[in-house]
2 protein chains.
Amino acid sequence: MSQSANSPQPNIDQAEDAVRATGARMTRPRVMVLAVLLEAERALTHTEVEARLPRAAEVDRVTIYRVLEWLTARGLAHKIAGDDRVWRFNAAAHAHAGPHAHFQCSDCGEVICLQEAPARPALKLPAGYQPQRVELTVKGLCAHCVPAKPRARAAARHSH
Amino acid sequence: MSQSANSPQPNIDQAEDAVRATGARMTRPRVMVLAVLLEAERALTHTEVEARLPRAAEVDRVTIYRVLEWLTARGLAHKIAGDDRVWRFNAAAHAHAGPHAHFQCSDCGEVICLQEAPARPALKLPAGYQPQRVELTVKGLCAHCVPAKPRARAAARHSH
DNA sequence: TTATTATTGCAACTTTATTGCAATAATGGG
DNA sequence: CCCATTATTGCAATAAAGTTGCAATAATAA
Ligand SMILES: [Mn+2]
Ligand SMILES: [Mn+2]
Ligand SMILES: [Zn+2]
Ligand SMILES: [Zn+2]
């Protein structure tokens, strides 16, 4: 039960390595944001990333948006569009190199990556349409939002 | 090649029947919006619905939002969340009664319904997670956005 | 016709994300 | 180590999609 699971240090090191490996400039916002994603156990929204950045980091809101975009373009992260109009980001190194399915809670919006790669069912497209990738998302209730007993249905939204 | 495919009249009749069948009040916004959806060959955004409503209909922006929500709740339409975080709506009567997959163009955002029902690959969820439904979306380029020849890649966005 | 109340219209507001541009700072060369 | 170059960043303004509160309107039942 050490608190090391919450210590960003090792993730910062890993983030630095990853950013350096791209050949682009290594900046504090890039390293800190990636470290936050590496530390997360699930996909994070822009707001969540902002909240998890140490105060001392002092990264601007817009910069976070741009860094998340940048990380995604470089393959260091990937983003998922959910039902709630919010992008969620996950570090690519999270044992999710290839394509994989996602789960989204229809109550709180939480998104997690699932392991199994969706077995492409070879869907038929109209003439002239060109497939690129298949996205498989399971909708349902996360462990936090599943009611313990079949009552207290309309409970207030929680924030995890 | 008659222009009847563009005439909303038969769809208006069908829409009236569908709205009446719900038992709720039959209003012009509900009928007109549903008629627009029935006439569409693909899923429409709120903005597209607004643009296709006849001027004479004079339906308020907010009412369109509410009617689309209402149609979805009654099962007369269904909505799809795309990568551009915009809801798109499709009349449920469009031969899409049950669950089905979707296609979204990664260039222009167009969404169409696909026929085949995704063969549920029975994904394994973490303990305590409760699946409800599976969404399968094929990303790619629609017929309008597929480049005729492998050049002119960065062409300007079209609007269909 | 009239009463009831579900719907609608309107204005203000919220949330999420984007854009323009000047200021800052990461890197490479001297 | 210092300077020049220019990729990044911060800040303010703006955009786009959708929501909310509430008074006015109109669909239905009596
Ligand atoms: Mn993922
Ligand atoms: Mn559909
Ligand atoms: Zn949840
Ligand atoms: Zn397209």
Side-chain angles (χ1 to χ4, degrees), chain A residues 15-34 43-51 53 55-74 76-77 79-89 104 108-109 111 157 159, chain B residues 15-34 36 43-51 53-74 76-77 79-89 104 108-109 111 157 159:
Chain A
E16 280 182 350
D17 292 347
V19 171
R20 183 168 18 243
T22 69
R25 291 188 183 177
M26 200 181 63
T27 68
R28 190 180 49 176
R30 283 173 182 170
V31 172
M32 297 307 285
V33 168
L34 181 51
L44 300 183
T45 65
H46 167 273
T47 307
E48 290 170 331
V49 169
E50 191 174 21
L53 280 174
R55 285 242 216 93
E58 284 281 359
V59 183
D60 185 80
R61 214 171 57 82
V62 175
T63 299
I64 299 176
Y65 276 115
R66 290 196 273 229
V67 166
L68 288 170
E69 226 24 77
W70 183 86
L71 291 171
T72 302
R74 299 302 168 108
L76 300 184
K79 60 177 177 181
I80 309 112
D83 267 359
D84 53 4
R85 261 180 74 64
V86 177
W87 287 114
R88 285 179 172 76
F89 297 82
Q104 179 167 37
C108 69
V111 169
R157 293 290 172 284
S159 58
Chain B
E16 280 183 351
D17 292 346
V19 171
R20 183 166 18 241
T22 69
R25 291 189 184 176
M26 198 181 65
T27 68
R28 190 178 50 174
R30 284 174 181 169
V31 172
M32 297 307 283
V33 169
L34 180 52
V36 165
L44 300 183
T45 65
H46 167 272
T47 308
E48 290 170 331
V49 169
E50 190 173 22
L53 280 173
R55 285 240 216 96
E58 285 281 357
V59 183
D60 185 79
R61 210 172 61 82
V62 175
T63 300
I64 298 176
Y65 275 115
R66 291 197 271 228
V67 166
L68 288 170
E69 226 24 77
W70 183 86
L71 290 172
T72 302
R74 300 302 169 109
L76 300 184
K79 60 178 177 179
I80 310 110
D83 264 2
D84 51 6
R85 303 180 325 290
V86 176
W87 288 113
R88 285 180 172 76
F89 298 83
Q104 180 168 39
C108 70
V111 169
R157 291 292 172 287
S159 59

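Reminder, nothing fancy here: chain letters follow the sequence lines and each chain counts from 1.
- One interatomic measurement links the two molecules: CG of Leu44(A) to P of dT16(C), which rounds to 14 Å at whole-angstrom precision.
- Residue Ala24(B) places its side chain closer to dT7(C) than to any other of dT7(C), dG9(C), dG18(D).
- Going from atom CD of Glu48(A) over to atom C1' of dA17(C) covers 16 Å, rounded to whole Å.
- With dG18(D), dT8(C), dT9(D) as the candidates, the nucleotide lying closest to the side chain of Arg30(B) is dT8(C).
- Between Arg61(A) and dC11(D) there is no side-chain polar atom (N or O) within less than 4.0 angstrom of OP1 or OP2.
- Here the shortest heavy-atom pairing between Arg30(B) and Val67(B) reads CA-CG1, 3.8 Å.
- Between the side chain of Arg25(A) and the base of dG28(C), no donor-acceptor pair under 3.5 Å is found.
- Arg66(B) contributes a side-chain N or O that forms a donor-acceptor pair with the base of dG9(C) under 3.5 Å.
- The closest side-chain heavy-atom distance from Arg20(B) to Asp17(B) is below 4.5 Å.
- Nearer the 5' end of DNA chain D, as judged by each residue's closest nucleotide, is the contact made by Glu69(B), out of Met26(B) and Glu69(B).
- The heavy-atom pair separating Leu76(B) from Ala18(B) by the smallest distance is CD1-O, 4.0 Å.
- For the pair Ile64(B) and Arg85(B), nearest-nucleotide mapping onto DNA chain C gives the more 5' position to Ile64(B).
- Nearest heavy atoms, Gly82(A) versus Ala81(B): O-CB, 4.1 Å.
- Closest heavy-atom contact between Ala43(B) and Arg88(B): CB-CB, 3.7 Å.
- In this structure, the nucleotide among dA12(D), dC10(C), dA17(C) sitting nearest to the side chain of Asp60(B) is dC10(C).
- Among the atoms of the strands shown, none is found under 4.0 Å from any heavy atom of Trp70(A).
- Straight-line distance from the CD atom of Glu50(A) to the P atom of dT9(D): 15 Å, rounded to whole Å.
- Taking 4.0 angstrom as the limit, Thr27(B) places a side-chain polar atom (N or O) nearer than this to OP1 or OP2 of dT8(C).
- One can place CG of Leu68(B) at 11 Å from P of dT19(D), the figure rounded to the nearest angstrom.
- Taking the side chain of His46(B) as heavy atoms from C-beta on, and the options dC10(C), dG18(D), dC11(D), the nearest nucleotide is dG18(D).
- Atom OH in Tyr65(B) sits roughly 19 Å away from atom C1' in dT7(C) (whole-Å rounding).
- Rounded to an integer number of Å, the gap from Glu58(B) CD to dT8(C) C1' is 13 Å.
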